[in-house]
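The next block holds one structure in the form of structure tokens; read it before the comments.
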Amino acid sequence: MSRMPYQLPFPQGVANEIVVDAVVPEDERVWVPQMENVWFRPLCLNTVQGYWVNLLRVRKSGVLSRHRHPAPVHGVVLRGAWHYLEHDWKAKEGSYVFEPPGETHTLVVPENVPEMITLFHITGAMIYVDPFGHQTGYEDVFTKIDMCRAHYTASGLGAEYVDQFIR
Ligand SMILES: [Fe+2]
């Protein structure tokens, strides 16, 4: 009995699981360009709860973005390192970071880091702001999906490539 799979049907309407074999993909086209030398790689794009899980890859140093979070963010650093101008701590390879709602911070990748890759679980939105809090842009799960569709169309993977990550 202990090795027997669960014998009953799953509840009606249960979503399909997502399994990604290589979170850092071998196919470069999977990376969606965000700005020069910055890409993201979708893993889970949840349109019902309004969150997304992705890898952020940065191959440049300096200030990346200043943004406010209205909802929680979880991050795990897979490669490289980064920090926020507003805090003393450093996120290093292997670090886990919880960013509470209400944080506004400025992401910096130091000079000696040729590449950083961080897995972020972001709920709600990234609200981009200037140093005084005036909004300069925003992202949510829907803008991420739009960017994926546009890039996967242009790169030849096809717009529907993103569908496997959407729930
Ligand atoms: Fe953040």
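For clarity, every value in this text was computed on a predicted model and none was experimentally measured. Counting convention: from 1, in listed order, for ligands and their atoms alike.
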Legend entry - Donor-acceptor pair between E86 and T106 side chains, under 3.5 angstrom: yes
Inset, instruction - Return yes when at least one N/O/S atom of E103 is nearer than 2.8 Å to the Fe ion (ligand 1), and no when none is. - result: no
Inset, instruction - Kindly give the atom name of the N, O or S atom of E99 closest to the Fe ion (ligand 1). - result: OE1
Legend entry - With sequence neighbours excluded, residues passing side chain to side chain contact (heavy atoms under 4.5 Å, CB included) with V53: L43, C44, Y51, L119, H121
Inset, instruction - Give the name of the N/O/S atom in H69 that lies closest to the Fe ion (ligand 1). - result: NE2
Legend entry - At the Fe ion (ligand 1): angle between H67 atom NE2 and H105 atom NE2, to 10 degrees: 90°
Can I get a per-line list of side-chain donor-acceptor pairs under 3.5 Å for residues 67-79, giving both atom names and the distance, sequence neighbours left out?
residue : atom : partner : partner atom : Å
H67     : ND1  : S65     : OG           : 2.9
H67     : NE2  : H69     : NE2          : 3.1
H67     : NE2  : H105    : NE2          : 3.1
H69     : NE2  : E99     : OE1          : 2.8
H69     : NE2  : H105    : NE2          : 3.2
H74     : ND1  : Y96     : OH           : 2.8
R79     : NH1  : E115    : OE1          : 2.9

Inset, instruction - For residues F120 and W82, establish whether the separation of their ring centroids is below 6.0 Å. - result: yes
